[in-house]
Amino acid sequence: MPETGPLVHLSIPPADPCTRIETGVRQGDEVSVHYDPMIAKLVVWGADRQAALTKLRYSLRQYHIVGLHTNINFLLNLSGHPEFEAGNVHTDFIPQHHKELLPSRKAAAKESLCQAALGLILKEKAMSDAFTLQTQDQFSPFSSSSGRRLNLSYTRNMTLKDGKNNVAIAVTYNHDGSYSMQEGSVEIDIPVPKYLSSVGSEGTQGDPLAPMTGTIEKVFVKAGDRVKAGDSLMVMIAMKMEHTIKAPKDGTVKKVLCREGAQASRHTLLVEFEEEEPDKRNSE
């Protein structure tokens with residue numbers, strides 16, 4: 001699903017006689033809902049298909065984008081698929097190889113999480129070093145980021161978010177300036193209060209939310225309508241793409257919260273369903 005928002009960081013592969021980079025954005029730009037979701041194009045040349053695909057994968061891995069999700073991992077999976085390499089491409093290629101091209105999300109590698117933690121620590125250290133150069137108080141606690149302790153090593157607990165999971169990392173500041181890291185992870189869910197559920201990712205009792213910011217083009221239902229799971233409720237236009245919002249469950253429409261032509265922000269509640277008695281839901 002295309003996303004809108006700021007490009008916090010953007011670095012691209014260098015162009016060369018065999019690589020053409022076409023980019024419509026720069027670092028710091030805001031990707032808005034009013035334009036095409038394709039923000040860049042990469043074109044490579046090789047003596048044959050295999051050489052070109054090798055060059056393509058090499059260049060894709062040199063893209064580093066922070067702030068928005070992109071389809072780069074999908075393109076890497078696609079360009080590395082044996083059938084794609086062989087040129088056996090057709091209009092049903094993606095549905096046919098969906099599991100390999102769009103695999104379910106796996107937990108981040110421990111090495112990646114440790115690198116992220118180290119990146120945060122080194123960023124703090126750089127800020128502390130800059131403060132040390134500017135301050136007149138060389139003994140200020142704000143000018144030290146070494147975690148130095150007398151007769152023992154300081155261990156700091158950090159928490160990073162990997163998808164929906166919080167990962168705890170214990171970082172030990174060693175006396176030689178190195179860092180040791182240990183990991184553990186835990187996932188805890190708590191019920192969302194009813195008065196807050198409409199701002200969650202699933203809405204009140206599973207009511208449909210806007211998948212992204214866009215304009216409501218058509219509305220197919222009204223209050224009182226009975227719908228089945230999968231029925232089309234409305235159509236949203238965003239980034240020159242048409243998205244059909246479907247009923248996540250059987251139920252009766254209580255209220256349609258967006259009219260045709262209205263702008264809806266991401267995760268805005270679009271349609272509210274009547275609450276059903278537990279015994280009625282179970283009987284159905």
Side-chain angles (χ1 to χ4, degrees), residues 1-45 55-79 102 105 108-109 111-135 142-143 145 158-167 169 171 199-201 209-216 236-243 262-268:
M1 186 70 67
E3 280 192 337
T4 59
L7 283 167
V8 178
H9 173 79
L10 173 64
S11 60
I12 63 177
D16 59 40
C18 297
T19 308
R20 185 168 80 235
I21 309 295
E22 299 179 7
T23 301
V25 292
R26 296 171 297 184
Q27 181 171 302
D29 280 357
E30 185 88 11
V31 176
S32 89
V33 70
H34 303 294
Y35 298 94
D36 193 285
M38 185 169 67
I39 61 174
K41 185 186 294 184
L42 168 67
V43 184
V44 301
W45 181 90
K55 177 68 172 177
L56 179 69
R57 291 190 289 268
Y58 172 78
S59 298
L60 284 171
R61 290 190 181 97
Q62 294 185 75
Y63 275 97
H64 299 286
I65 301 174
V66 179
L68 296 174
H69 292 293
T70 72
N71 65 345
I72 289 177
N73 285 336
F74 166 76
L75 296 175
L76 283 168
N77 293 338
L78 176 68
S79 59
L102 294 164
R105 190 185 187 282
E111 292 82 358
S112 298
L113 292 169
C114 289
Q115 288 173 344
L118 180 61
L120 291 172
I121 291 171
L122 294 179
K123 183 177 180 180
E124 290 178 356
K125 185 177 185 302
M127 295 174 66
S128 297
D129 291 344
F131 177 86
T132 301
L133 293 175
Q134 297 174 9
T135 184
F142 299 107
S143 65
S145 61
M158 301 179 67
T159 301
L160 299 179
K161 197 167 187 66
D162 177 22
K164 294 182 178 180
N165 296 336
N166 287 337
V167 181
I169 302 180
V171 182
V199 299
S201 60
L209 305 180
M212 60 186 299
T213 300
T215 302
I216 304 301
M236 167 182 278
I237 298 293
M239 302 182 87
K240 297 185 179 179
M241 298 174 66
E242 190 175 87
H243 306 274
Q263 186 89 355
S265 300
R266 186 185 183 198
H267 290 170
T268 297

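Just so you know, these numbers use all the heavy atoms, side chains as well, and skip hydrogens, waters and symmetry mates.
- Note that CG of Leu7 and CG of Asp29 are 6.5 Å apart. Values are rounded to the nearest 0.5 Å.
- Taking all atoms of both residues into account, the shortest heavy-atom contact from Gln263 to Val33 is NE2-CG1, 3.8 Å.
- Between the CG atom of Leu68 and the OG1 atom of Thr4 there is a distance of 7.5 Å, given to the nearest 0.5 Å.
- Taking CD1 of Ile169 as the start and CG of Leu113 as the end, the distance is 5.0 Å to the nearest 0.5 Å.
- In this structure, Val8 and Gly67 approach most closely via the heavy-atom pair CG2-CA, 4.1 Å.
- Of all non-hydrogen atoms in Pro211 and Met236, the two that sit nearest each other are CD-SD, 4.2 Å.
- The nearest pair of heavy atoms linking Ala238 to Gly214 is CB-CA, 3.9 Å.
- Residues Asp162 and Leu160 form no side-chain contact, since every pair of their non-hydrogen atoms from C-beta on lies 4.5 Å or further apart.
- With a 6.0 Å radius and a threshold of 12 heavy atoms from other residues, nucleotides or ligands, Tyr58 has its OH atom at or below the threshold.
- Atom-to-atom distance recorded for Lys125:NZ and Leu120:CG is 15.0 Å, nearest 0.5 angstrom.
- Remark: Leu78 CG to Arg57 CZ distance equals 10.0 Å, nearest 0.5 Å.
- Residues Leu56 and Ser79 share a closest heavy-atom pair of CD2-CB, 3.8 Å.
- Taking Gln62 as the reference, nothing meets the side-chain hydrogen bond (donor to acceptor under 3.5 Å, both in side chains) condition, with sequence neighbours excluded.
- Judged as a side-chain hydrogen bond (donor to acceptor under 3.5 Å, both in side chains), the pairs with a partner in residues 14-27 (not counting sequence neighbours) are, in order, His9-Gln27, Asp16-Thr19, Asp16-Lys55, Thr19-Lys55, Arg20-Glu22.
- Side-chain contact between Thr268 and Leu209 is absent, with no heavy-atom pair separated by less than 4.5 Å.
- Ala264 approaches Ile216 most closely through the heavy-atom pair CB-CD1, 4.3 Å.
- Paired with Leu60 under the rule side-chain contact (heavy atoms from CB on, under 4.5 Å), one option of Val44, Asn73, Leu75 passes, and it is Leu75.
- The side-chain heavy atoms of Tyr63 and Leu42, taken from C-beta on, include a pair separated by under 4.5 Å.
- Within 6.0 Å of NZ in Lys41 there are 12 or fewer heavy atoms belonging to other residues, nucleotides or ligands.
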